[in-house]
Amino acid sequence: MSSTLDRRGFLRTSGAATAAATVGLGLGGALTSCSSSEPGPVTLKWWDYFTLDNFQPGMNRLIKDIESGVPDVKIERRTFPFAELDRQIALAAISGDLPDIAIVDNVAMNTLGGNNLLADLTDKVEKWGQADQYYKGPWDGCQVGGKTLGIPNNSNCLALYCNTALLKSAGLRPPTTWDELASTANRLTSGDRYGLALSAIKTEEGVFQFLPFLWQAGGDLDTFSTYGATALAFLDDLIAKGSLSEQCVGWTQQDANTRFLNQRAAMQINGPWQIPTLKKANFDWNVVALPRDKEAATCLGGENWVLMRSSKHVDKGWEVLEYTQRPSVLVPYLVSFGELPARKDLADKGTWASDPALRLFLSQLPLARPRQYGAHYAEASQTVAEAEQAVLAGSASPSAVAKTAAVKIDKALGKQ
């Protein structure tokens with residue numbers, strides 16, 4: 001999700017998710033999809049986590065548009081807190097009261113798709129013929145087990161915000177490499193102002209910000225022992241030199257943005273959802289691609305549309321999904337939410353076509369990687385979060401922590 005709300009509460013896959021995969025599957029080993037072809041109005045149950053007041057006008061307009069544009073459809077919407085939606089879907093699979101359609105965080109595709117809760121849209125998408133209009137990262141984020149289980153709702157990623165006045169006064173340019181980032185952060189640290197702010201909180205929100213460092217180092221979760229140590233050591237060195245506050249282990253992305261906005265951090269790693277707030281800042285800032293090490297990388301955020309496999313109205317639900325992707329519907333929706341399109345053919349439409357900051361984020365989407373690691377990603381993610389906490393809090397060395405974490409990560413990802 002991209003908003004000024006605490007961006008990423010930890011993906012909470014409790015025993016309910018496992019139970020859903022067992023109880024919800026029934027005797028035949030698969031949830032039954034009963035697509036209804038009955039004539040007459042169809043009421044689709046719709047769940048999402050867009051609870052903040054600023055989202056309601058745009059969402060209400062979208063639903064009104066759908067109900068007027070898709071024949072014989074009524075939407076019955078229900079919202080949950082961000083951290084609760086996945087758990088509620090898992091519990092509903094047990095009770096048999098799942099929605100027909102939902103907007104879910106793209107990282108939830110690991111669990112929901114892995115537990116066979118989502119309708120397979122592969123054939124419908126093939127007939128639709130528009131898959132090639134999406135950026136690779138967002139589209140890959142909808143692929144689970146060789147099937148298309150969703151359609152991107154919106155996309156975002158991470159980049160580096162810089163206080164341009166502070167850089168200029170120090171005779172510096174925005175950093176493009178890790179070495180430059182470390183040097184620039186060090187030179188911009190003064191008094192109670194740190195050179196860099198980022199979130200390293202022990203949730204998926206912190207992992208979302210850590211993974212680009214792992215990828216930039218040239219590694220991934222399956223090589224965490226080596227490259228996880230490299231990424232952890234780089235961040236640990238920033239803290240050791242005073243360029244990054246050790247309090248970042250408790251910061252959300254919103255906390256990091258607050259420190260940048262208050263000029264208590266000269267740079268920050270964050271997403272495009274912070275732009276509306278930063279436009280009110282009393283100083284000049286710009287945004288650039290994340291500095292690279294061995295390669296360039298950023299982490300894909302955003303939401304996906306999904307249909308539940310148990311729905312009696314999968315065909316009608318697909319009509320809704322297809323309708324939402326029309327430019328005349330999608331562009332106003334994304335603009336109202338301050339989101340970026342996952343579609344390449346919309347790059348020159350909407351506010352992102354003229355806003356330099358939004359265009360920078362849009363330019364990074366081709367590099368943005370989805371967190372598609374299978375049904376047990378949540379366990380691996382928790383291990384990564386704990387490893388980062390241990391290192392940045394000063395309780396263990398990067399190499400030792402990475403080696404121990406790698407064993408747990410490999411075990412989790414090997415459960416597929």
Ignoring hydrogens and angles, tell me if any N or O in the side chain of [X] forms a donor-acceptor pair with the backbone of [Y] under 3.5 Å.
X: Ser395; Y: Val391; answer: no
X: Lys411; Y: Ala406; answer: no
X: Thr383; Y: Glu379; answer: yes
X: Asp105; Y: Ala108; answer: no
X: Ser95; Y: Ala92; answer: yes
X: Glu204; Y: Ser381; answer: no
X: Trp285; Y: Leu278; answer: yes
X: Asp255; Y: Thr252; answer: yes
X: Asn115; Y: Leu112; answer: no
X: Ser243; Y: Ile239; answer: no

Looking only at heavy atoms, what is the nearest atom pair of [X] and [Y], with distance?
X: Glu205; Y: Gln254; result: OE2-N, 4.2 Å
X: Phe213; Y: Ile269; result: CZ-CD1, 3.6 Å
X: Leu232; Y: Pro398; result: CB-CB, 4.0 Å
X: Leu158; Y: Pro212; result: CD1-CG, 4.2 Å
X: Val144; Y: Gly113; result: CG1-C, 4.1 Å
X: Leu167; Y: Leu188; result: CD1-CD1, 3.3 Å

**Report entry** Verdict with reasoning, Lys241 to Asp236, per salt bridge (charged side-chain N to carboxylate O under 4.0 Å, His left out)
**Finding:** CA-CA 9 Å; Lys241 292 180 178 177; Asp236 188 40; over 6 Å; no
Query raised in the report: Charged N to carboxylate O below 4.0 Å: is that the case for Lys127 and Asp123?
Result: no
Query raised in the report: Does Lys64 come within less than 4.0 Å of Glu67, counting only side-chain N to carboxylate O?
Result: no
In terms of heavy-atom contacts, does [atom1] of [X] have more than 12 from other residues, nucleotides or ligands at under 6.0 Å?
X: Gln133; atom1: CD; answer: yes
X: Glu295; atom1: CD; answer: yes
X: Glu246; atom1: CD; answer: no

Consider only side-chain N and O atoms of [X] and [Y], and report whether a donor and an acceptor are under 3.5 Å apart.
X: Thr184; Y: Glu180; value: no
X: Gln268; Y: Asn257; value: yes
X: Gln274; Y: Tyr161; value: no
X: Ser199; Y: Gln209; value: no
X: Asn154; Y: Tyr333; value: no
X: Asp220; Y: Trp215; value: yes
X: Trp46; Y: Glu76; value: no

Query - Sub-6.0 Å ring centroid separation between Trp318 and Trp305 - result: no
Query raised in the report: Do the ring centers of Phe50 and Phe337 come within less than 6.0 Å of each other?
Result: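 Yes; Phe337 has its ring centre under 6.0 Å from that of Phe50.
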Report task. Show your reasoning for whether salt bridge (charged side-chain N to carboxylate O under 4.0 Å, His left out) applies to Lys316 and Asp72. Result -> CA-CA 9 Å; Lys316 185 60 72 172; Asp72 299 322; 5.2 Å; no
Are the side chains of [Y] and [X] in contact, using a 4.5 Å heavy-atom criterion?
X: Val104; Y: Glu303; answer: no
X: Asp65; Y: Tyr323; answer: yes
X: Trp139; Y: Asp132; answer: no
X: Leu392; Y: Phe210; answer: no
X: Tyr135; Y: Leu362; answer: yes
X: Val249; Y: Ile201; answer: no
X: Gln143; Y: Thr148; answer: yes
X: Leu334; Y: Trp352; answer: yes

What is the distance from atom [atom1] of [X] to atom [atom2] of [Y], rounded to the nearest 0.5 Å?
X: Gln56; Y: Ser336; atom1: CD; atom2: OG; result: 10.5 Å
X: Leu360; Y: Ile275; atom1: CG; atom2: CD1; result: 8.5 Å
X: Asp293; Y: Asp179; atom1: CG; atom2: CG; result: 7.5 Å
X: Leu118; Y: Ile89; atom1: CG; atom2: CD1; result: 8.0 Å
X: Asp120; Y: Arg309; atom1: CG; atom2: CZ; result: 8.0 Å
X: Asn60; Y: Ile75; atom1: CG; atom2: CD1; result: 12.0 Å

**Report entry** Worked verdict on Tyr134 versus Ile151 for side-chain contact (heavy atoms from CB on, under 4.5 Å)
**Finding:** CA-CA 10 Å; Tyr134 294 82; Ile151 297 293; 3.7 Å; yes
Query raised in the report: Taking it one step at a time, do Asn163 and Met267 satisfy side-chain contact (heavy atoms from CB on, under 4.5 Å)?
Result: CA-CA 6 Å; Asn163 184 314; Met267 299 181 291; over 6 Å; no
Report task. Could you label the plane-to-plane angle of the Tyr373 and Tyr377 rings as parallel, tilted or perpendicular, counting under 30° as parallel and over 60° as perpendicular? Result -> parallel
Report task. Start with the C-alpha gap between Asp100 and Met308, add the side-chain angles, then the distance that decides, and say whether side-chain contact (heavy atoms from CB on, under 4.5 Å) holds. Result -> CA-CA 5 Å; Asp100 298 289; Met308 295 300 156; over 6 Å; no
Report task. In sequence, state the C-alpha distance, the side-chain angles, and the governing distance for Cys299 and Arg371, and then conclude on side-chain contact (heavy atoms from CB on, under 4.5 Å). Result -> CA-CA 8 Å; Cys299 196; Arg371 288 155 291 165; 3.7 Å; yes
Requested in this report: Validate the cation-pi geometry between Arg78 and Trp47: distance from NZ or CZ to the six-membered ring centre under 6.0 Å, angle to the ring axis within 45°.
Outcome: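 Here Arg78 passes the 6.0 Å and 45° test against Trp47.
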